[in-house]
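For reference, the structure discussed in these notes is given below.
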There are 2 protein chains.
Amino acid sequence: MATLLYTILTRMTGGAIEVLGHVLPTAFGLLGEATLSERSSRSEVVYRLLRQAILEQALKPGTKLSEDTIADHFKVSRTSVRGALVRLNAEGIVDLRANKGACVAEPTLEEARDIFSLRRMLEAEVIRRLVADLGTSGFKRLEQHVREEQAALSDHGPLSIRLAGEFHILLAELTGSQALTRFVREVVSRCSLILARFARLHSPECAVDEHIQIIRALRSKDIAAAEKIMLEHLDAVELRAELNPDKAEPDISEILKRYASEN
Amino acid sequence: MATLLYTILTRMTGGAIEVLGHVLPTAFGLLGEATLSERSSRSEVVYRLLRQAILEQALKPGTKLSEDTIADHFKVSRTSVRGALVRLNAEGIVDLRANKGACVAEPTLEEARDIFSLRRMLEAEVIRRLVADLGTSGFKRLEQHVREEQAALSDHGPLSIRLAGEFHILLAELTGSQALTRFVREVVSRCSLILARFARLHSPECAVDEHIQIIRALRSKDIAAAEKIMLEHLDAVELRAELNPDKAEPDISEILKRYASEN
DNA sequence: GCGCCGTCAATTGCATACGATAGTCGGATA
DNA sequence: TATCCGACTATCGTATGCAATTGACGGCGC
């Protein structure tokens, strides 16, 4: 297990030590990160890399995140790793079990539906706001992003997965609302986890097409239509997640709950 | 300043050392905290106390939160304090400036409006869900809470302020959605900060009355009416915050921005 | 053979120590 | 006298060491 984690992180960073102090390649130009990108403490770097690894589904739900293993790999102390884990825990993508170590969060089916439901609400709001006042430069950024997604189509892997999520974050940013962006970031992150846990495989083509449709709908300035497209897109994503109870064993505790109540 | 902080924390805890390891008096039975309350690490305790101090407006926006001062006071190491500060920062109620220490976040007017706008959306959703399926036990909890608020009316201070916020968190919890609760918690927290920064004074009576109206509206099972009451309540809260630009000096940077653009 | 208890290894929780950085104060110079 | 420069102090960022907790293994009694 520790070896697997080590391998993943090595592949991501190509040797950790030269990563420290550098700004990460792409994908961190988004708001929130951008304002801090000039200075990057060790803790910050660990945070970003772990987050990226999780969102790209390199680290799957349930993977143990031993402080020692991560610290050794990144050639930093456990202190820095802990800081990163605390932040990730606050975002809900890492579980922090006292004295038993951290692990990538494993959303239950119930939580998954909960998150998706909230996501629909948040992103519907995003669309409403954008229809009202998205300018030319906004559309340019969206189209640029979709181009990147298309370029990454052949990848069928990490990059494509991440870009799909970041499209939605970009939409939220374009509303200019920091708070809304923040929440959308979080639900999108957790949706990535959900997909990683339940979905069979990621199909980037569909996502890109649907993103293009969303942009088109925004151009049309038709609130109802745009909102409808977005909700259909999210439904499609949720459908791909195959959130039907029979598949994908839920937590043991979930199962045992039923037995406990009959006792 | 350090003395002030020390005084506040002392008054809150009545001597920190005997607090460690104990479960805090009230108000931490809410979901999220509740699941972890049996065991409380040092970092957790510091987190809760600081959070409480901030939400009760004992620690006002802008107050410097020196790691050393807090650590000395609580008789813990800076390590534990840092953990707490990182979490508070993740929730947006503490600003963490690199190498310059933490301080209680100072929401700008713009952010304040942004938060309130989001809060309206989130809490409208809460109401919609509750009208659909709030049961008897739920109403009981709400009424119990309002009674506590009334009992605290004479207080005109910390307790009253906190209870007013927790009413809204309780509403969110009753929806059964963890994610929604989480977000409501955050916006309510930040609204407390906003009120602390901009509002002249807290008027508990209004809040309690309005809370009672909300419960009544929920009983009526009339979605539109209930939603309307809630939105009016939030408008009233925002109004009390007096978010008009002329009052309450914004950040220096906000002011200088105008001059910079004319240069 | 089965279950219980004590000991041990592994890993986290916390504290302390050291190095780095930012802000401040005083002196030198123009 | 005003300005600039350098040392100093306070505070943070990070590493490391030790104590505490957890889970596992093996031995003992039943």
Side-chain angles (χ1 to χ4, degrees), chain A residues 1-6 16-17 19-22 36-50 62-90 94-105 252-253, chain B residues 1-6 16-17 19-22 36-50 62-90 94-105 252-253:
Chain A
M1 176 59 87
T3 312
L4 174 63
L5 176 57
Y6 190 91
I17 194 67
V19 170
L20 290 175
H22 287 172
L36 293 168
S37 67
E38 57 267 5
R39 84 154 199 85
S40 41
S41 66
R42 283 161 152 72
S43 185
E44 175 81 14
V45 173
V46 174
Y47 164 78
R48 289 184 193 172
L49 288 175
L50 282 181
T63 305
K64 177 99 188 292
L65 298 173
S66 155
E67 294 181 3
D68 271 327
T69 309
I70 300 171
D72 287 351
H73 176 77
F74 285 127
K75 303 279 195 300
V76 299
S77 73
R78 281 176 43 223
T79 309
S80 309
V81 176
R82 281 182 75 80
L85 290 177
V86 169
R87 283 181 64 183
L88 292 169
N89 175 61
V94 158
D95 275 354
L96 229 48
R97 298 157 307 173
N99 291 312
K100 284 190 285 183
C103 67
V104 180
I252 310 288
S253 63
Chain B
M1 176 58 87
T3 311
L4 175 61
L5 177 55
Y6 190 91
I17 195 67
V19 169
L20 289 177
H22 288 171
L36 292 168
S37 65
E38 56 268 6
R39 99 166 254 309
S40 40
S41 66
R42 282 162 154 73
S43 184
E44 177 81 14
V45 174
V46 174
Y47 164 78
R48 289 184 193 173
L49 288 175
L50 283 181
T63 305
K64 178 101 187 291
L65 299 173
S66 154
E67 294 181 4
D68 273 325
T69 308
I70 300 171
D72 288 350
H73 176 76
F74 285 130
K75 305 279 195 300
V76 298
S77 73
R78 280 176 45 225
T79 309
S80 309
V81 176
R82 281 181 75 78
L85 291 177
V86 168
R87 283 181 64 182
L88 292 168
N89 175 62
V94 157
D95 275 356
L96 228 48
R97 299 156 307 174
N99 291 313
K100 283 190 287 183
C103 66
V104 181
I252 311 286
S253 62

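Within every chain, numbering begins at 1; the chains are lettered A, B, ... in the order of the sequence lines, protein sequences first and strands thereafter.
- Put simply, CG on D68(A) is 17 Å from P on dA9(C), counting in whole angstrom units.
- The nearest whole Å value for the distance from the CD atom in E67(A) to the P atom in dA15(D) is 13 Å.
- Rounding to whole angstrom units, CG of residue N99(A) and P of dG13(C) are separated by 5 Å.
- Contact check, R82(B) against dG13(D): a side-chain N or O comes under 4.0 Å of OP1 or OP2.
- For the pair F74(B)/L49(B), a side-chain contact is recorded, criterion being any heavy-atom separation below 4.5 Å from C-beta on.
- The phosphate of dA15(D) (OP1 or OP2) has a side-chain N or O of S80(A) nearer than 4.0 angstrom.
- Within the 4.0 Å cut-off from OP1 or OP2 of dT11(D), not a single side-chain nitrogen or oxygen of K100(B) is found.
- Contacts of T79(B) with the nucleic acid, taken as non-hydrogen atoms under 4.0 Å apart, include base atoms.
- dC14(C) atom P lies 14 Å from atom CZ of F74(B), rounded to whole Å.
- The nearest whole Å value for the distance from the CZ atom in R97(A) to the C1' atom in dT12(C) is 12 Å.
- At whole-Å resolution of the value, CG in L96(B) and C1' in dT14(D) are 15 Å apart.
- For the pair R42(B) and dA15(C), the criterion of a side-chain N or O lying under 4.0 Å from OP1 or OP2 is met.
- Counting to the nearest Å, the C1' atom of dC14(C) and the CD atom of E44(B) are 15 Å from each other.
- Under the side-chain contact (heavy atoms from CB on, under 4.5 Å) test applied with V94(B), the options V86(B), L65(B), L50(B) reduce to a single match, L65(B).
- Note: CZ (R78(A)) to P (dA20(D)) measures 16 Å, nearest angstrom.
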